[in-house]
Amino acid sequence: MIDIQQIRDHSDEVIKRLRVRNMDAAELVNSLKILDETKRQLQKKLDDTLAEANALAKQIGVLFKAGKGADAESLKEKSAMLKKLAKELQEQLDDTNKNFQEFIVRLPNLPHPSVPAGKSDADNEVVQEAGKVKKADEGALSHWDLAKKYDIIDFERGTKITGAGFPVYKGLGARIQRALITFFLDEALIAGYTEYQPPLLVNEDSAFGTGQLPDKDGQMYHVPSDNLYLIPTSEVPITNLFRDTILQEDELPVKCTAYSVCFRREAGSYGKDVRGLNRLHQFDKVEIVQVTKPELSYKALDEMVAHVSVLLKKLELPYRITRLCGGDLGFAAALTYDMEVWSAAQGRWLEVSSISNFEAYQSNRLRLRYKTSEGKNRLAHTLNGSALALPRILAALLENNQCEEGIYIPKALQAYTGFRYIQ
RNA sequence: GGAGAGGUGGCCGAGUGGUCGAAGGCGCACGCCUGGAAAGCGUGUAUCCGUCACAAGCGGAUCAAGGGUUCGAAUCCCUUUCUCUCCGCCA
């Protein structure tokens with residue numbers, strides 16, 4: 001969440017920057033200012049009352065010790081009054097805090113100055129395009145047709161045993177999945193990331209910590225009997241490793257990578273966008289996460305974009321990088337680059353990675369800080385990105401690499417698959 | 001799932017109603033000492049909120065979490081939660 005200090009000091013600036021998200025935050029910001037003021041006044045009154053009560057209790061203690069219990073009686077009465085007052089003030093303060101909290105979590109992160117205005121993904125700014133975008137040959141097959149042709153993904157039986165959006169990978173399909181995971185993890189290790197294997201279920205605190213709750217409640221699978229959520233990305237458990245943590249300055253940057261299965265309900269999705277591997281309820285992803293000093297977070301963002309670019313180059317896939325516009329920017333992100341690969345048979349770009357700098361927005365919620373060399377605690381910056389999400393990579397590999405021999409496996413991946421073609 | 005024990009500061013560990021944010025130790029930081037180091041000695045060493053200059057100082061809160069008893073609770077009571085031990089079950 002946004003630091004209240006920013007609203008206290010620069011509320012106009014906050015409102016102005018949120019306009020890039022097509023949000024009119026004036027009313028919300030104003031309410032927050034009032035609530036913040038009320039909160040502080042109540043806090044002051046409460047503290048003063050408690051201070052008086054504390055002093056009184058000490059006095060009574062001294063009297064009792066001196067054997068003057070009788071003199072303490074009148075003080076006890078006064079103390080009872082103060083206590084009653086304190087309780088009332090506490091209740092008011094709790095209410096105000098609750099309101100304040102409800103309001104402040106509704107404010108998304110402030111977009112970075114470079115974020116273009118815009119309403120939808122159509123307004124995203126293409127910052128780079130690399131690799132040759134192939135025109136699909138006559139008779140080129142979509143990946144779902146290719147998957148069937150080579151018998152590597154069984155969508156129908158996935159639907160039978162679970163439901164739509166839960167494909168079954170088979171034979172070379174399963175093996176290429178495994179190869180991709182290992183390839184991505186190895187590349188992350190070389191880039192200095194530490195590998196983790198997190199739980200796939202998280203509790204409410206964690207879901208709140210990274211902003212899935214309360215914002216994207218319906219997007220996660222929920223296990224009511226234990227009140228746990230299936231992770232939509234390993235960003236959730238990994239970033240939450242650092243919840244309520246004060247790191248030492250020399251521990252930064254923290255770089256983590258994790259492979260995990262991800263689960264998304266994708267309620268409301270339909271149409272051709274969800275065909276085949278385009279949008280699934282369960283999929284595999286390797287994630288990279290960084291925790292950095294504030295002044296270095298944009299350098300880290302560039303580094304992460306470069307890392308993913310290398311992966312795509314090694315996979316010989318045509319890709320482009322877009323900078324998300326205000327309307328498409330995620331709630332907690334200040335700046336996001338999407339990485340998209342070209343899907344030859346579908347003739348469109350598929351998002352395979354989303355790399356974001358959350359600045360201090362997540363850490364504020366997570367209470368993730370670091371101690372500076374001066375001994376002061378500051379909020380760290382958090383970043384994450386997919387490196388990479390598997391299904392659309394596989395879709396692109398199938399569609400772009402179909403040839404007479406079958407499906408060509410890029411050289412870098414052959415070391416992992418052990419085969420050169422899917423035939 | 002059943003029975004029992006327990007959750008105190010970065011760690012270990014005292015503390016069963018009063019001046020305890022908390023003894024002692026370890027660790028860490030700084031200083032003295034030293035040619036340098038070790039040892040030794042000394043000092044310091046949590047977090048959040050408010051006031052304020054995001055200083056000092058002052059005030060408040062925090063001994064798993066929440067509630068209660070009391071003038072006063074780390075200490076007593078209740079609830080929740082987590083950990084450990086034994087038993088059961090089990091990849």
Side-chain angles (χ1 to χ4, degrees), chain A residues 1-11 32-101 104 197 199-209 223-228 237 240-252 254 261 293-295 359-360 363-381:
Chain A
M1 60 194 163
I2 285 189
D3 192 341
I4 184 62
Q5 199 64 44
Q6 279 183 290
I7 290 173
R8 281 181 201 157
D9 299 345
H10 314 286
S11 58
L32 276 167
K33 275 175 106 165
I34 293 167
L35 281 168
D36 180 50
E37 190 51 44
T38 311
K39 213 171 85 139
R40 285 196 282 174
Q41 278 170 13
L42 285 169
Q43 182 78 57
K44 181 92 179 78
K45 269 192 211 164
L46 176 62
D47 285 357
D48 290 348
T49 307
L50 288 174
E52 206 178 326
N54 285 347
L56 219 52
K58 262 182 201 172
Q59 231 177 305
I60 293 169
V62 171
L63 286 174
F64 267 105
K65 239 181 192 165
K68 295 180 190 164
D71 296 355
E73 286 310 315
S74 66
L75 294 182
K76 274 197 192 182
E77 261 174 53
K78 193 168 179 201
S79 182
M81 263 174 55
L82 286 172
K83 198 189 161 184
K84 207 178 142 209
L85 178 61
K87 195 167 182 176
E88 279 167 19
L89 287 168
Q90 184 69 62
E91 275 165 15
Q92 287 177 42
L93 182 61
D94 288 348
D95 275 357
T96 311
N97 272 332
K98 211 180 134 200
N99 273 332
F100 178 83
Q101 202 58 26
I104 200 161
Q197 276 195 22
L200 304 182
L201 287 159
V202 293
N203 58 32
E204 230 175 346
D205 286 346
S206 298
F208 181 80
V223 182
S225 55
D226 297 285
N227 198 23
L228 296 172
N240 271 285
L241 290 170
F242 303 100
R243 172 149 50 87
D244 276 312
T245 301
I246 300 173
L247 295 161
Q248 293 304 311
E249 189 170 15
D250 60 14
E251 291 178 84
L252 298 172
V254 172
V261 182
K293 288 194 232 179
E295 58 272 26
E359 297 191 359
S363 6
N364 194 26
R365 232 183 232 218
L366 291 161
R367 292 170 302 277
L368 163 54
R369 290 156 293 168
Y370 73 99
K371 198 177 277 295
T372 65
S373 44
E374 295 88 47
K376 215 173 125 179
N377 294 330
R378 289 174 75 193
L379 290 171
H381 280 194

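Each chain gets a letter, A, B and so on, in the order its sequence line appears, and its residues count up from 1.
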Atom pair CD (A:Q43) and CG (A:D48), whose distance is rounded to the nearest 0.5 Å: 10.0 Å
Let me have the donor-acceptor pairs involving side chains of residues 84-93 of chain A, under 3.5 Å, with sequence neighbours excluded, atom names and distances please.
{"unit_1": "A:Q90", "atom_1": "NE2", "unit_2": "A:D94", "atom_2": "OD1", "d": "3.0"}

Within residues 86-99 of chain A, residues whose heavy atoms come under 4.0 Å of RNA chain B: A:K87
Pairwise C1' distance for B:rA22 and B:rU45, with rounding to whole Å: 15 Å
CG on A:L368 to CG on A:L241, rounded to 0.5 Å: 10.5 Å
Most 5' of A:R369 and A:V62 on RNA chain B, judged by nearest nucleotide: A:V62
Atom C1', compared across B:rA46 and B:rA37: separation rounded to whole Å: 32 Å
A:S363 side-chain N/O to A:A380 backbone N/O, donor-acceptor pair under 3.5 Å: yes
CZ-CZ distance between A:R369 and A:F242, expressed to the nearest 0.5 angstrom: 14.5 Å
Whole-angstrom distance between B:rC26 and B:rA39, as gauged at atom P: 11 Å
Contacts of type side-chain contact (heavy atoms from CB on, under 4.5 Å), residue A:K33, not counting sequence neighbours: A:I7, A:S11
Reported CG-to-CD distance for the pair A:D36 and A:Q5, which is rounded to 0.5 angstrom: 8.5 Å
Range on RNA chain B touched by chain A, heavy atoms, distance below 4.0 Å: B:rG18 to B:rG72
Contacts of A:L82 that satisfy side-chain contact (heavy atoms from CB on, under 4.5 Å) - sequence neighbours left out: A:T49, A:E52, A:A53, A:L56
Under 3.5 Å on both distances, the Watson-Crick or G-U partner of B:rC86: B:rG2
Sugar-phosphate, base or nothing in reach of A:K83, heavy atoms under 4.0 Å: base
Neighbours of RNA chain B within residues 45-54 of chain A, by heavy-atom distance under 4.0 Å: A:D47, A:L50, A:A51, A:N54
Which residue lies more 5' along RNA chain B, comparing A:A57 with A:I246 via nearest heavy atoms: A:A57
Sugar-phosphate, base or nothing in reach of A:K371, heavy atoms under 4.0 Å: sugar-phosphate
Minimum heavy-atom distance between A:R378 and A:E295, given as atom pair plus value: NH1-OE1, 3.8 Å
Side-chain donor or acceptor of A:T245 paired with backbone N/O of A:R243 under 3.5 Å: yes
